[in-house]
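Right, one structure below, let's go through it.
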Amino acid sequence: MTKKIKIMSVFGTRPEAIKMAPLVKELAAREEFESICCLTGQHREMLDSVMEIFKLSGDYDLNIMQKQQTLSSITTRTLLGMDEVIEQAKPDMILVHGDTSTTFAGALAAFYHKIPVGHVEAGLRTYDKYSPFPEEMNRTLVSDIAALHFSPTKANSENLRRESVQGEGFITGNTVIDAMKYTVRDGFTFQTAKLNELDYVNRRLIVVTCHRRENYGEPMENIMQAIRTVAEQHPDVDIVYPVHLSPVVRECASRNLSGVENIHLIDPLDVEEMHNLMARSYLVMTDSGGLQEEAPAMGKPVLVLRRETERPEAVEAGTVKLAGVERETILRLANELLDDPAEYARMAKAVNPYGDGNACRRIADAIAWYFGKTAERPCDFNP
């Protein structure tokens, strides 16, 4: 019997889990692979909820999360934990995702053990090492380690080509589009009671997220004030903001947005609830990376509450607008989408550049090719 290729997927945060879960399931369904998971637990509760939704369990769990953990503690605890796991599991390849501290430490541990790394969601860049922080340097450093680079878009792949990184590059689309096959359903009932009470037929819904470290301080104050003004100027609109657990974010949101009748501050949502909420929304305003990919797949315009984005192809495609962090600009762009049906339709109907729901199949095919299981190099995704 032919020995299976042992692929170990390493992830530790909710965004990583959402995007890696469909890939773990795809690899497990293939005869040529043995698919195993190593969880770092960088974000414990939010990670566990995703695993439950996708009916997955970790084969190894480093459980590194601590109160008031720092970037250094996350990285060192992951590195030390990975040493033991790699010695036990002896994987043929380690897959990491994106740009978290888990991603960087997982790739570095693989390098120290001379195990090839596959980087899922490779090639995103702002070319500002401190924005987003620490993600920009994490993903850049992983590019120097990886043997296989799975870029969601052609633009991501071209970034790597310009940097002359070593290894094989593939354009695959983004695995988050694959994940939506598991999460978005007609007639979905929310566990969060408030969301079942909203009128999705006669009122327009804006979904908001805002949590990034680089927005702490004046940028976040500006964002919150803009959101409040949008709500006050459009009483026919409901704004739902699942507020991040960060004390800084929660204090700012509460101080600026509490008491406005059509703003609903709720606790963070799991991936099923978030995807189904966005599916019912009119517009998404966010400083998140993943929502810039997910919302356009549902035909929802996105205003990005950041000074820059590592996803410029969405701006070029017309599904996303970079709103920045100035109150007046955010307010102007939000009002434009709420008051101008033609502009709204232009964004809502733009072609999503992030995938067709087959990214995981392309990644699995590329890994099989890398290990000599197939003779023909897989074709790239072309939207």
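What you see is a predicted model, and the numbers here were worked out from it, not measured in a lab.
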Main-chain N/O of F111 paired to K114 side chain as donor or acceptor, under 3.5 Å: no
Residues R139, D144: salt bridge by 4.0 Å N-O rule: no
Side-chain donor/acceptor of D340 to backbone N/O of L337, under 3.5 Å: no
Can you check whether P22's main-chain N or O pairs, donor with acceptor, with D178's side chain at less than 3.5 Å? no
Shared ILVMFWY cluster between Y112 and L80, side chains joined below 4.5 angstrom? no
Please answer whether the main-chain N or O of I64 pairs with a side-chain N or O of R77 as donor and acceptor at a distance below 3.5 Å. yes
Ignoring hydrogens and geometry, is there a side-chain-to-backbone donor-acceptor pair from R306 to L322 under 3.5 Å? no
Can a salt bridge be assigned to the pair R361 and D356 using a cut-off of 4.0 Å between side-chain N and carboxylate O? no
Looking at D365 and R30, does any basic side-chain N land under 4.0 Å from a carboxylate oxygen? yes
V304 and V208: same hydrophobic cluster, using ILVMFWY side-chain contacts below 4.5 Å? no
Is there side-chain contact between F11 and V24, with at least one heavy-atom pair below 4.5 Å? yes
Indicate yes or no: at least one non-hydrogen side-chain atom of H113 is less than 4.5 angstrom from one of D83. yes
Of E16, E121, H97, the residue whose pairing with T103 passes side chain to side chain donor-acceptor pair (under 3.5 Å): E16
Derivation and outcome, side-chain hydrogen bond (donor to acceptor under 3.5 Å, both in side chains), residues E232 and T229: CA-CA 5 Å; E232 292 170 343; T229 305; 4.7 Å; no
Tell me, with the steps shown, if E272 and R185 meet salt bridge (Lys or Arg N to Asp or Glu O under 4.0 Å). CA-CA 9 Å; E272 270 191 313; R185 299 190 299 277; 2.7 Å; yes
For R280 and F188, what are the C-alpha separation, side-chain angles and deciding distance, and is it a side chain to side chain contact (heavy atoms under 4.5 Å, CB included)? CA-CA 10 Å; R280 300 183 189 191; F188 180 82; 3.9 Å; yes
Does T40 form a side-chain hydrogen bond (donor to acceptor under 3.5 Å, both in side chains) with T102? I'd like the steps, not just the answer. CA-CA 7 Å; T40 68; T102 283; 2.8 Å; yes
Give the cluster check for V248 versus L305: same hydrophobic cluster or not, with ILVMFWY residues linked at side-chain heavy-atom distances below 4.5 Å. yes
T183 pairs by side chain to side chain donor-acceptor pair (under 3.5 Å) with which of E273, H275, E294? H275
Side chains of residues 370-383: which donor-acceptor partners sit under 3.5 Å, not counting sequence neighbours?
unit_1	atom_1	unit_2	atom_2	d
R377	NH2	E168	OE1	3.1
R377	NH2	G169	O	2.7
D380	OD1	I171	N	3.0

Are S143 and E163 linked by a side-chain donor-acceptor pair shorter than 3.5 Å? no
Verify side chain to side chain contact (heavy atoms under 4.5 Å, CB included) between R204 and L283, making sure each step is shown before the conclusion. CA-CA 8 Å; R204 292 177 293 179; L283 163 67; over 6 Å; no
Donor-acceptor pair, side chain of T286 and main chain of S288, under 3.5 angstrom: yes
Regarding R212 and E135, does a basic nitrogen lie under 4.0 Å from an acidic carboxylate oxygen? yes
What do the steps show when you test D287 against R213 for salt bridge (Lys or Arg N to Asp or Glu O under 4.0 Å), and what is the final call? CA-CA 10 Å; D287 65 359; R213 285 188 185 91; over 6 Å; no
Is the shortest side-chain heavy-atom distance between V284 and M278 below 4.5 Å? yes
Quick one: do K19 and E293 make a salt bridge, cutoff under 4.0 Å? yes
Keeping D59 on the side-chain end and C37 on the backbone end, is there a donor-acceptor pair under 3.5 Å? yes
S151 to L160 - nearest heavy-atom pair and separation: OG-CD1, 3.6 Å
Counting C-beta onward and ignoring hydrogens, is there a side-chain heavy-atom pair between R125 and E136 closer than 4.5 Å? yes
Quick one: does I206's side chain get under 4.5 Å of V230's, heavy atoms only? yes
Does the side chain to side chain contact (heavy atoms under 4.5 Å, CB included) test come out yes or no for I367 and L95, once each step is laid out? CA-CA 10 Å; I367 295 171; L95 299 181; 4.0 Å; yes
With sequence neighbours excluded, residues passing salt bridge (charged side-chain N to carboxylate O under 4.0 Å, His left out) with R162: none
For E84, is the CD atom crowded, meaning more than 12 foreign heavy atoms sit under 6.0 Å from it? no
V271 and I53, any side-chain heavy atoms less than 4.5 Å apart: yes
Will you find, in the side chains of N159 and N156, an N or O donor that is under 3.5 Å from an N or O acceptor? no
Test log, rule side-chain hydrogen bond (donor to acceptor under 3.5 Å, both in side chains), inputs S281 and Y200: CA-CA 8 Å; S281 73; Y200 298 100; over 6 Å; no
Is Y130 reachable from M220 through a run of hydrophobic residues whose side-chain heavy atoms are each under 4.5 Å from the next? no
Is L23 reachable from I5 through a run of I, L, V, M, F, W or Y residues, each pair having side-chain heavy atoms under 4.5 Å apart? yes
With a 4.5 Å cut-off on side-chain heavy atoms, are I94 and M82 touching? yes
With side-chain hydrogen bond (donor to acceptor under 3.5 Å, both in side chains) as the criterion, how do D99 and N138 come out once you've worked through the C-alpha distance, each side chain's angles and the decisive distance to 0.1 Å? CA-CA 5 Å; D99 51 23; N138 284 340; over 6 Å; no
So with a 6.0 Å cut-off around NZ of K25, is the heavy-atom count from everything else above 12? yes
Apply salt bridge (Lys or Arg N to Asp or Glu O under 4.0 Å) to residues E251 and R255 and explain how you reach the verdict. CA-CA 6 Å; E251 188 279 329; R255 176 164 41 80; 2.7 Å; yes
Heavy-atom distance under 4.5 Å between the side chains of P301 and K321, does that happen here? no
Of all pairs that satisfy side-chain hydrogen bond (donor to acceptor under 3.5 Å, both in side chains), the ones with a partner from residues 258-270, not counting sequence neighbours: D238-H264, R250-D267, S254-S258
Going by atom types only, do T319 and Y354 share a side-chain donor-acceptor pair under 3.5 Å? no
Let's go through V96 and H119 carefully: what are the C-alpha distance in whole Å and the side-chain angles of both, what is the deciding distance for side chain to side chain contact (heavy atoms under 4.5 Å, CB included) to 0.1 Å, and is it a yes or a no? CA-CA 5 Å; V96 296; H119 187 194; 4.2 Å; yes
Just checking, is any N or O donor in the side chain of E310 or T126 under 3.5 Å from an acceptor N or O on the other one? no
